[in-house]
Structure formats: C-alpha cells, structure tokens
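What follows is a short report on a single structure.
The shown structure was predicted, so the numbers you read here are calculated from the model rather than taken from an experiment. Sequence lines set the chain letters: A, B, ... in the order given, protein chains first and strands last, and positions in each chain run from 1.
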Amino acid sequence: MTASADDDQQPPRFNAKPILNEIRHGVDRLLNDGQTTTIDLSRLPFDAEDERYLREALGDGEVYASVNALGESKVQETGVAGVWWVTHFDAAGAALGKYIEITTVPGILKSQPEDMLRGLHMLNARLGADQTITSVQEQQ
Amino acid sequence: MTSTEWLIWVRGPGLQLSLGIFILGMTYRIMQTYFLGRAKNLAEPRGSQWLHGMKTIWWRSFFHPGMTIRGYFTIISGYTFHLGFIITLLFLDQHIELFRSWTGLSWPALPPIVITITAVLGIAALVAVLVDRFADPVRYLLSDYQDYLCWVLTVLPLVTGLLLVYKMWLPYTSLLVVHIISFEILLVAIPFTKLSHVFTIFIARWYNGAIAGYKGVQS
Amino acid sequence: MTKAKTLIEHLEQQGISRRGFLKFCALTTSMMALPPSMAPGVARALETARRPSLIWLSFQECTGCTESLTRSHSPTLENIIFNYLSLDYHHTLQAASGEAAEQARETAMKENHGQYLVAVDGSIPVKDGGVYSTIAGISNLEMLQQTVEGAAAVVAIGTCAAFGGLPRAHPNPTGAVPVQELVRDKPVVNVSGCPPIPVVISGVLAHYLTFGRIPDLDDYGRPLSFFGTSIHDRCYRRPYYNKGLFAETFDDEGARKGWCLYKLGCKGPTTYNACATVKWNQGTSFPIQAGHGCFGCSEPDFWDAGGFYQPLSAGIGSVGGVAAVAVAAGAGAGIAAGLAQQSQRKHAQLQHEKVTVADLKESES
Amino acid sequence: MSVSLERGIQTLKEHIDAPVASFFTTCVHCGMCADACLFYTETKDPKYTPIYKLKPLRRLWHQEYTFWGKLAAKLGFSKPLTAEELKEWEPLVYDSCTMCGRCSMTCPVGNDIVYMIRKMREGMVAAGFAPEGLKSATERAITIGSPMGVKFPALKNQIKHVEADIGLKIPVDVRGAEYMALLSSMEIMNFPEYIGAIAKIFDQADIRWTLASDAFEATNSGIQIGSSDLAAELVERVVAAAERLKVNYVISPECGHAYTALRWEGPNLIGRPYPFKVIHILELLDQLRSQDKLPVTGKIKERLTFHDPCQIVRRGGVIEEPRRLLEMVAEDFAEMEDHGIMNWCCGGGGGVSTNERAATLKLTAFNRKRHQLEALGVNTLVTVCANCRITLEEGLEFNNMDVAVLGLAETLAEHLAEQSPAPTTTQTH
C-alpha cells in the first residue's frame, strides 16, 4: 500500500502538482475566452494521496449538488470558483468516473431539451387535449 | 518472432550459449597458452620468477617513469573507460540481479545516477580513444579491423544500456533485447579477439615480470 | 417491447434521461480512453449508432475473462454496453443450451451477415485436427472459421485468445494458437490480459459501437489507447525505480515503504496495459499497489518468460551446467591444443638444422 | 639445407612459446611502446613502434596458433608470410632495434617485446635476412675467434704493452685459477687500459685469475644476429676453456651483450648448466669493495654521470653495483633523468653498431642521449660497456660535444690506493 506521508524517502507526488497547474491555466482560459476544460482523473495515475492533496489545495466552495441520473452524480464546487469536482456513481454507489470541470455550471446540472420535452408531453397529457402545446423543437 | 519471444531467447538460451562460448573459449585460450609451455631456464637465477611475476601484474597498472603524453592519455582514458565499464557492469541493481541469478551472490548497488555517470564517462573515454586511434599515426599504423570491431562491440552495451535507462529510441522490451544481445555478442567475442586481454593480461604481465625477475630485475 | 434499433431508443426504453445519456457519453469517452473534450462527439455518434450483434465464442479458456466482465461493477456501464449490444451467443451466459444455443449462433450469423462482431476468449488447439476442444461436436477451429466468415471484426479477449496464453505455454500439448494466427482477412483486436481489465473490454466494444470501426492498434494488435504505455511508465512507484530504491523481499523495510518491486520480479517495464491508471475493482487498486510485482499477463508468452519472481534482468534457466561443461570442454580442448603445439615446437626443434657460417655466407648479397 | 623462407618459418615456430602466445594475445595496439623506443622518439616515424617490428611474427602466430587464425588461413582469408615481407622487415628488426628492452618495461599489458625480437631474429637468420655487417662479424667470430678479427698474437702484443705499463704480469692459461677473465675485442683494440686496470685491482685484492689463450673473447655476435646455433658455438669455446683451466668463476667484461650471452643465455644455448659461475666484473669489484679490498684514494671533482648499458643493467640485473663503485671515486655523481632499469640506450646495441647500413639512424637515435647529457650539463660520462663507449664517443664527436667517456674499471684502477705490504707477491704468475 501507499507509504506513510512522513517517510523521508517518499518521492514528491508527481501527479497532483501538474494537475493543479493545469487547473490554474483552465481557470485563466475560462475567464478570458470562456473556454471550458475537463480533466478526466481516472485516466491518470492518480491515487487517494493525490486526491487528498488536490482537495486540500482547492478547498470547498459554495455549491453542492447531487444528480440522480443513471445512478448518482455528485457535483461540488471547489474553493476556486469555476472549478468543480464531478463524480459519477453507478446505481450501487460505486464511483465510475471522477472529473474536474472548469466551467461556470457543469453540463450535468443543466436541464436537457429532450427531457423538458418529455416533461411537456407529460403535462399535456395531464391537462387535457384542448390546448396542447407543441414545442418549436417538435415542429422542426 | 515477437520482442517478448526475443527477450525470452536472449535471457534464456542466448545467455546460456554466449556464456558457454565465453567460458569455453577463455578456458581454451588460457589452457592452450599455458600448455604451449616454454623451455626451462638453465641459467642460475638471481631472483624469484613468481614474486617478480606477481609484482609486475600489480605494478604495470600504474604510471611509470618517463611516461609521455601518449602514455598519460592512454592510462587516463584507459582507466576512465575500464572503471566506467566495470562499475557500470558490476554495480547497477539490474546487473547485480543477473549475477545473482547465476551465482547466488549479490552485493550493494550504486545509485542509478552514479551508474549513469560511469556509463557516460566510459562512452566518452571510448570516443576519445577512437578519435585518437585515427589521429595518432602510431596507433593508426598498428590498428587493424579487430581494433575497430572490438570498439563497436564494447561501446554497444554501454550505449544501449543508457538508452534503456532513459527510455529512448525503441520500446523498452525491444531495447532490452538489443542491450542483452549486445552484451552476449561481447561475451562471445572476448575469447576470440584482443578483448581476451581481460584475462591474458595477467599471464602476459606475469611472464614479463618472471623473465626479468629471473635476472633480478623488477620489470 | 420491440427490439431497439439504436442506443438512444434502447436507453429511452429503459427510462434513462438525456442527462443520464450525457453522463453515459462522458463515461464512455473516459472508458475509451479518449480526452473529455471528445464527449460531445461521442454523444453525436452514439445518437445514431446501430445496435450490433455480438457472438461470443469460448474456446480453450478458464472463463476468467467472462468472470472479469461479469464481476465488475453492477449494474455497470459495461452492462449497459452489453445490454445494448445484442449478445446473441455466449454459452456461459445464455439461457439456451444444447442445440438451441447453437441455433441462436447460426441465426445471428445469418441475420447479421457481414455486420456482427465476434468475441473470442481462449486459444484454439489445432494439433491433431483440433480434437482437444470441441463444442457440440464442432472443433474450436472449425467453429471459429465458420463464425468469423461473416463477421465484421473479431475481438480476441484475454491473453489466450490474443497470444495463446497458458494453453500455448511450453510444451503446448494441444498445439494452441491465438486468434490472429487463424484469422487473417478480418480486423482482429487483441484485448490481452489474464484476465483483461473489464473496462478495457467494454471500451473496445464501445469504440466499435460508437465509431463503427476498431480502434488504433499497437504492433500486437492491441488498442493503443489502453496498451500504449507500459505499467512501469505509469507506475506510482516509478520514482523509487529511478532512485534505485528496491524492495528485496516481500516483507522488508523497502516493501513496507512501497519501494519498487523490480527485484521481486515485477514485469512492469515490459508490460503494456492500463492497470496502473484504470486499476481494478472500481479503480481500487492494482497488483503493484497491493505490493506484488506485475506478472506481465498482457504480453505474449508471459508464462514462459522466466519465473514470476525473477527480475527481468536475470537469466532464464540455470547456467551452472553450461558453465561446468564449458570449463571442462575448454580446458580439455585447450590442454590438448597447447600440448599438441608444444610437441610441434619440440618436433621442430628436433628437426632443426643448425645455422652455420656457410648459411650466412650464402645469404650474403 | 640452405637458408629459405620455409626454414625461417620453421625456426620461428621453434621459438613461439607460451610467453609469446600470451603477449600477442594480450596486445591491444595502444602504441605506448613507441614512446619507450629511441628510434621512434628521435624520428617520430610510426614504423619504429616496437610491436610493429614484430608484425610478421604476430601474423605467423595468429595463423598457426589461434583457432580463428588457423581457420582463416585455411580458407584463404589471410595470406601466408612471404620472403618479401621478411625482407621488408629486416631493417626494422635489425637496424632500428638495439634490443635494449625499454619497451618491455613500459608495455601496459606486460608484453616482453624484446624477448620476441630476439626470437624473430632467429627466423630472420634462417630465412637469410640479416644485415651484411652482422653476418660478416659473426663469420669472423666463428672462423677467426673474434668479430673484429683479433687473434691471440694481437692480444699477446697488447698484454706486453700493458705489462710494461703497469709492471705486473698478466696471467694467461693458468690452470686452477679462481677466475677466468674475458675481454671484448673492442677493449683489446681500443681500450686496452681495461686489462691493466683489472690486473692492478686483482693484484691488490689477491685474486688468482687468468686469461685463456683460446677463449679470451667475450663478445658473441651470434646473440646479436640472433642465431642460437652460432651463439652456442661461441659460448662452448668459453665453457671449454673454463673447464680446461678448472676455474670457479668466469668474469664477464665491460661489455653489454657479452653478459647476456654468457650469464643468461649461455647455459640455455649449450643445453646444460655451467660447472662454474659467471660473474660480471662489476659484481666482482663490488664484492671487493664490500670486503674493503678495493681501497681508493682521491675523488673526481668534476660533475659526472653514468650511462647504464642496457644488457648489464635492465636486461642483466647488475643495477646498483656500478653506482656504489662510482660513488667511491666521484664527488659529484649526478643521475640522468631516466636511469637504471629505465635508462635510454646509446643507440648502438643489439648489433646496430656492427651494421653499417644503420649508421645514420644510429646517430639520429643518439640524440636521445645527447639531450639527456645536455639536460644534465656534464662533461664526464662513465660507462661499463665497450660497445656503448664506442657508440657514445662517435655520437659525441658527431655532435661536437666535449664530453669525456670513461670506463668504470679503469677509473677505479686510476684511483686505486697503493697498499703495502701487498699480499699479492705470493701469487705465482
């Protein structure tokens, strides 16, 4: 298992720091060009030690959200506004993917037109057929 | 053949074959030389052959009086190369594991950065002696194809080893195969080229010391 | 419920929202080892993706590969992929058995001729006409040839199917061969590993599903996105290797400190796989993290590549016998040659004709 | 059978032994022997690199004694040795090698190069490739008894002069004497002072000695030309005389290669150990010194140095004796930078001085000694080899250098303190 942190022979964490640097550049891009960045942490040699370091460095922000779609997804803004932890879980609660998104609002939080349409149909069905609203999207 | 198959071959039969040829060739060479024999010296001796022979084996390793620039260059580049090569060969963890798999013996290794330095110094010294072999009229005259062949055979394990450590040129597995093969070719070549001096130098120096020592001279 | 024609339909039938689909796309992108920026592209491709038929053939194998897949997260993303694919034949997983099972295979082949995927786990014995492994009286070799004939592509799952694996290990009594030695005219993807990482299996299937073609492959026919870097290169213990800090035994100070396992036989440097990044059991750990060196199970001939606990740089097999024979032979031949030459010299000395003053005079010019 | 390439090769094969095989096996072509050779250092011509002078012998060894060499030769990949090649190498083996053995001292892998040059010359003689000067000198040595053609009557004549000079009788053919002294013809003709010198010293030290009328010549041209057969014939003469006169010791004179011939090669040449011991005159004088039997008076005030004859010092093992003796009579004895076993040859040893063809090269090689002397700034040079002495004098004269060359024995004799009562009077002459 991972060595204890006080081990003086322990080499410096070699993944957390470059990621932190990437986040910094991502925030800068978001501010200046509005360009968003997503970092897929499951594709990097990234372990609990790295995550602890990163969470400590970024801190906790103001927003926390939980999405229930195809299992749970947790969205947590970090202490750096615009930087979000996004973790996807399956129905059994196992983590499937872990991302850092640098954006104003993570896409998973936004309502999707297809889902809205389904909602509209549901409301149409409930309120009766006299004044069915057909969305522009559907007309197309 | 895949590079894994190559790796299995060079670590298994290849290594056994090359080591076998090396040991066979070297034993052959030493025994052949010794049993070629020499005439008994009937003159009354003034000194001990054995003692002076052994002393010469030792003292020929150092500078001697009246040495010239060529001599200093040879000794310094020679030592740099030989030490670089031997330290690299004997004190890299991976190499010690090879010797342990052969003999069961192991010893402390040097840090990889030190081995990198010794290997680079070894290569630098080899480059220097090669340049000198072309530049120095004496060495150029003495050199034959074997001198250049042996140079290539000697530098290859060092260069491929460095590339391997720093993961350059080829994928690790292929490069490991090339590195081990270069070592095996070197092993096979030693008994049949001037590289056999790694062992016969002791015989030659001993005879030199013994011949002079018989007359009471420490050569 | 009618059989869904596209993935979207399939997901909708399962009551999965668009949000769920986007999450699925993000995870699939991740699974295919593509950068997150490609997720929208993946989503677009998946919206129109066809639902392919998958025929899974199990030959000389241990079912470990299927186990790996089915024992992964549940209900998983992999499951969705498998649910989405029409798994028409898998004799371990399917309900049907006997003739009905074989019929399912033949029906799938007929209906989807030229479009279905074939997954193979296990190697194929070809010695003695392939008698060493048969299913329903059909030899593995014959079944493979039949099934592959109308396939769009073949995925060799596990090291046995990809490289021959354990059955092909020396002395290979059944003449086992990997899929790629028998299938030359179809694209073959090798998903090696003993077993392969489940997400890699599903990642390859997802790639085919998403883009309608097989991913980019390395020299061994393995998807580069998962097999492009060695375990060693991605190993979190790599800094110890660079510093020359090695565990010497499994319970020494170095082992406790998590030093490099090279000397304990770790094959990480020569092994290409995604274990060090994707890891196993929902990303919990992988062998090196658990304190055991890599076996190199995703490489060809890993069973014959020396002992699992022998360092990579050590020789395979003993050299003592060779050395003893060499010393004896060298000494024998050397002594014989030396003595022969000595007697030649002495003979020459006996034959020696004395140099006389007349000889000197003769050569005077 | 006459001289021929075949006979030469056959002879070389007789001489390739374990040391030769180990030397050639070990050579790494480093070229360090070049710097040890005065023919290279004074000309900078790479062909004078000592190991290069052995190239034909090396080829033969490789083709006949190594596995791959033999195979290559059989398959025609390497051409056999030719007479032309040996002829081409003749000047390298004879003109540019004094067999001083300095290269053998510096080779880092321990090759005794001069050991092999000596063997190579055996083959050269048998193949008919030896310099004319050496051949005629050897002929004279065998047929007349001395390379310079000196016969006993000539020596007798010189003895008369010496006896008149010093007032002592020189013993000749004295049976049962303890020591039999030998001379070199160069001493007889050019430095007869030596005879007087040892006579005086021996007389004072009560040494019973004699000369032999049939074996007074110590030099051995057979060694220089490199023919063991001829060298053995010359050694046999000395051994026969010593046995006839029943002496216990044979004294090797102030001559370099004579010492090598008598002391180190002799028993091996004739194939049996001597029934007597060979002692160098310097060893004997040093013994007398340690026994206080060599009283001297007065010292040379002038700064002087000592030239080590290679065959006596480096190849002979008589190293400290001349220095101890010289210290007795020299007030300001300074060593040259390279001295003792690392000395530089005069340039005339190993038959070079007898080889007219090498005369110019010899003078070029002398520059090494010239530089050594100039560095030291001395005007007196003592040596213990008549051949060195001649070569040095020639070189000094050629370079217009004002340096006096002295023999050590005669220098000691000049400083001999008269002892009275002299116990020598009891000796019967």
So for [X], is it side chain, backbone, both, or neither that comes closer than 4.5 Å to the heavy atoms of chain B?
X	answer
Phe163(C)	neither
Phe302(C)	neither
Ser318(C)	backbone
Asp219(C)	neither

Say you draw a straight line from [atom1] of [X] to [atom2] of [Y]; how long is it, rounded to the nearest 0.5 Å?
X	Y	atom1	atom2	result
Ile180(B)	Ser313(C)	CD1	OG	8.0 Å
Thr4(B)	Asp304(C)	OG1	CG	11.0 Å
Phe246(C)	Asp93(B)	CZ	CG	4.5 Å
Ile8(B)	His170(C)	CD1	NE2	11.5 Å
Tyr28(B)	Ile335(C)	OH	CD1	12.0 Å
Leu312(C)	Glu97(B)	CG	CD	11.0 Å

Residues, nucleotides or ligands: over 12 heavy atoms within 6.0 Å of [X] [atom1]:
X	atom1	result
Phe308(C)	CZ	yes
Trp9(B)	CH2	yes
Trp58(B)	CH2	no
Lys346(C)	NZ	no
Trp151(B)	CH2	yes

Which bit of [X] is near chain C, if near means a heavy-atom gap under 4.5 Å: side chain, backbone, both or neither?
X	value
Ser3(B)	both
Arg100(B)	side chain
Pro13(B)	neither

What are the two closest non-hydrogen atoms of [X] and [Y], and how far apart are they?
X	Y	result
Asn242(C)	Pro112(B)	O-CG, 3.3 Å
Gln32(B)	Ala337(C)	CG-CB, 4.1 Å
Leu36(B)	Arg345(C)	O-NH1, 2.7 Å
Tyr172(B)	Tyr272(C)	N-OH, 3.6 Å
Glu5(B)	Asp301(C)	CG-OD2, 3.0 Å
Leu24(B)	Ala329(C)	CD1-CB, 3.6 Å

Taking every heavy-atom pair that is under 4.5 Å apart, which of Glu299(C), Gln342(C), Gln310(C), Gln344(C) has the most such pairs with chain B?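 It is Gln342(C).
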With respect to chain B, which residue among Ala336(C), Gly317(C), Ala333(C) yields the maximal number of heavy-atom pairs within a distance under 4.5 Å? Ala333(C)
Counting distance only, does the side-chain N/O of Ser101(B) pair as donor-acceptor with the main-chain N or O of Ala314(C) below 3.5 Å?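 No; zero donor-acceptor contacts below 3.5 Å.
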The side-chain contact (heavy atoms from CB on, under 4.5 Å) partner of Ile23(B) among Val319(C), Val325(C), Val327(C) is Val327(C)
Going by heavy atoms in the side chains, are Leu7(B) and Thr270(C) under 4.5 Å from each other? yes
